[in-house]
A.B. asks: 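Handing you a structure now.
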Amino acid sequence: LFLLNQVIQMYGSCGAVDDARKVFDSIDTPNLFSWNIMLNAYTRNGLLDQAKQFFDINPHKDLVAWTTLMQAYATKGYVQEARTLFDNMPRRDTASWNTLIQLYIANNMVEEAGHVFRSMPQRDVVSWTAMLSAFAGIGHLDQAKELFSRMPQRNMVSWNAMLQGFVENGKIEEARELFSRMSERCVLSWNILIQANASVGDLEQAKSMFDTMPMRDAVSWTAMVSAYCQAGDVDSAKALFDAMPEESIIAWNAMIHGYVKAGDFREMRLMFDRMPQWSVISWNALIAAYGQIGEFVEANSFFDQMPAWDIVSWNSVLQANAISGRLLHAHQIFHQMPSRDIVSWIILLSANSQHGDLDRARELFLAIPEHG
RNA sequence: ACCUGUAAUACUUUGG
């Protein structure tokens with residue numbers, strides 16, 4: 001049964017939910033773990049409805065199952081539903097409370113998260129670290145630092161979170177200093193520092209860390225490839241890309257963007273056509289590339305060809321048309337979009353003001369929703 | 001003792 005549970009978990013983590021379910025169904029008497037692992041297979045793959053149904057037929061419904069389902073709602077932005085689940089849980093442990101904190105953090109309600117943090121019965125290293133990164137994430141680095149120094153215990157994740165906090169607030173020196181004070185480091189710590197050096201254009205330092213780090217994973221490789229691309233050195237990027245031990249779709253996407261930045265659309269297209277598979281990001285990059293140079297026909301055509309869209313795909317095709325002055329079509333796209341975010345509004349707004357329709361621009365400005 | 005839930009890193013869109 002252990003082994004079968006592991007198999008379910010394996011299928012679930014590679015997205016093969018149906019196979020996971022087949023294995024689950026083949027078990028005569030699934031245990032608590034089987035139920036929870038299967039539930040997790042649904043939630044990790046974003047299948048909220050199936051997760052909910054599966055939860056409902058679960059005879060155990062233990063603490064872990066409740067928390068797993070709650071987390072699924074949290075990641076999808078269903079704050080109220082997640083909160084209701086939390087309130088209805090028969091029992092709660094620190095992990096459930098931490099999930100509640102994370103619910104608010106993930107939905108831009110850091111204040112509320114802080115309130116939960118202060119009022120929860122027990123705080124562990126996860127609670128502290130979650131709050132630390134939340135504060136860093138909204139630019140409150142002082143509070144993040146204070147939490148880091150006040151927390152009763154720190155583990156590797158806490159150190160990495162603090163490192164990342166410095167990096168995303170542009171405090172590279174402080175990140176380097178903290179890194180040098182770490183008594184032990186993991187791949188992630190190194191990866192964060194590669195990214196830190198790349199973000200200030202210090203490619204030499206980034207590469208030297210990449211070369212000397214004790215162990216590299218896929219993120220190390222793609223971070224370095226992407227660093228070269230962002231610096232415009234697409235040849236070094238390609239050399240590193242070709243040397244990668246395993247291929248990664250993220251590295252492919254980075255290379256596509258690298259060629260676009262370098263203005264080499266021919267190589268970009270070769271890359272795109274040669275990719276073993278495409279993610280939504282690959283398509284988005286392509287649309288944005290053609291939009292940038294005013295080739296809205298190409299952009300529109302790729303948009304129509306892609307199998308699934310996210311908000312960025314819509315914004316990219318919107319931008320492609322807006323930037324070419326096709327205001328009418330841009331408005332059509334804007335209204336067709338399944339949802340709009342602040343980026344969509346800004347694209348349409350600036351298109352209207354740049355092409356002289358100031359009244360329209362003012363109307364749009366006034367129509368922007370206050371939140372979200 | 002060993003299988004499940006919560007915190008940390010890489011790729012795409014606008015402005016800053």
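Quick note: numbers below take in every heavy atom, side chains included, and nothing from hydrogens, waters or symmetry partners. Residue numbers begin at 1 in each chain, while the letters A, B, ... track the order of the sequences.
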A.B. asks: Is Q292(A) touching bases, backbone alone, or none of the nucleic acid, heavy atoms closer than 4.0 Å?
C.D. replies: nothing

A.B. asks: Using whole Å, what does the distance between atom P of nucleotide U4(B) and atom CH2 of W66(A) come to?
C.D. replies: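 It works out to 22 Å between those atoms.
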
A.B. asks: At under 4.0 Å, does any side-chain N or O of Q354(A) touch on OP1 or OP2 of G15(B)?
C.D. replies: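 Answer no for this pair, as no side-chain N or O of Q354(A) is under 4.0 Å from OP1 or OP2.
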
A.B. asks: Using a heavy-atom cut-off of under 4.0 Å over every strand shown, decide if T129(A) touches base, sugar-phosphate, or nothing.
C.D. replies: base

A.B. asks: Indicate, with a heavy-atom threshold strictly under 4.0 Å, whether T222(A) touches base, sugar-phosphate, or nothing.
C.D. replies: base

A.B. asks: Mind checking I249(A) for me? I need base, sugar-phosphate or nothing, with any heavy atom below 4.0 Å counting as a touch.
C.D. replies: nothing

A.B. asks: Whole-Å distance between U4(B) P and L1(A) CG?
C.D. replies: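 Value for this atom pair: 13 Å.
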
A.B. asks: Ignoring hydrogens and angles, are the base of G5(B) and the side chain of T67(A) linked by a donor-acceptor pair under 3.5 Å?
C.D. replies: yes

A.B. asks: Look at D359(A) together with R362(A) and state whether they make a salt bridge at an N to O cut-off of under 4.0 Å.
C.D. replies: yes

A.B. asks: Tell me if a side-chain donor or acceptor on K61(A) pairs with a main-chain N or O of D56(A) at a distance below 3.5 Å.
C.D. replies: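 Checking the backbone N and O of D56(A) against the side chain of K61(A), a donor-acceptor pair under 3.5 Å is found.
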
A.B. asks: Contact class for I37(A) vs. all strands (heavy atom < 4.0 Å): base, sugar-phosphate, or nothing?
C.D. replies: sugar-phosphate

A.B. asks: Given U6(B), U4(B), U12(B), which nucleotide is nearest the side-chain atoms of Q9(A)?
C.D. replies: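 Among U6(B), U4(B), U12(B), the one nearest the side chain of Q9(A) is U4(B).
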
A.B. asks: Taking only the side-chain heavy atoms of I250(A) (C-beta and beyond), determine which of C11(B), U13(B), A7(B) contains the nearest atom.
C.D. replies: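 Between C11(B), U13(B), A7(B), the one nearest the side chain of I250(A) would be C11(B).
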
A.B. asks: For N155(A), report the nucleic acid contact type (base, sugar-phosphate, nothing); a contact means any heavy atom under 4.0 Å.
C.D. replies: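 Result for N155(A) = base.
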
A.B. asks: At under 4.0 Å between heavy atoms, what does A95(A) touch on the DNA or RNA strands: base, sugar-phosphate, or nothing?
C.D. replies: base

A.B. asks: Find the distance I194(A):CD1 to A10(B):P and express it as a whole number of Å.
C.D. replies: 12 Å

A.B. asks: The test is salt bridge (Lys or Arg N to Asp or Glu O under 4.0 Å); show your working for K22(A) and D18(A) and say whether it passes.
C.D. replies: CA-CA 6 Å; K22(A) 273 184 201 133; D18(A) 293 339; over 6 Å; no

A.B. asks: Is there a side-chain polar atom (N or O) of H257(A) under 4.0 Å from OP1 or OP2 of C11(B)?
C.D. replies: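 Answer is no, no contact under 4.0 Å.
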
A.B. asks: What's D93(A) touching, base or sugar-phosphate or nothing? Going by heavy atoms closer than 4.0 Å.
C.D. replies: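 Base contact - D93(A) has a heavy atom under 4.0 Å of at least one base atom.
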
A.B. asks: Measuring centre to centre across the rings, with the benzene-like ring taken for any Trp, is W97(A) within less than 6.0 Å of F117(A)?
C.D. replies: no

A.B. asks: Check every atom of C11(B), A7(B), U6(B) against the side chain of V157(A) and return the nucleotide holding the closest atom.
C.D. replies: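 Side chain of V157(A) sits closest to A7(B).
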
A.B. asks: Nearest to the side chain of V312(A) - A10(B), U12(B), U6(B)?
C.D. replies: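 Closest of the options to the side chain of V312(A): U12(B).
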
A.B. asks: Using a cut-off of 4.0 Å on non-hydrogen atoms, how would the nucleic acid contact of S96(A) be classed: base, sugar-phosphate, or nothing?
C.D. replies: base

A.B. asks: Report yes if the side chains of N315(A) and M337(A) come closer than 4.5 Å at any heavy-atom pair, otherwise no.
C.D. replies: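 Side-chain contact under 4.5 Å: yes.
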
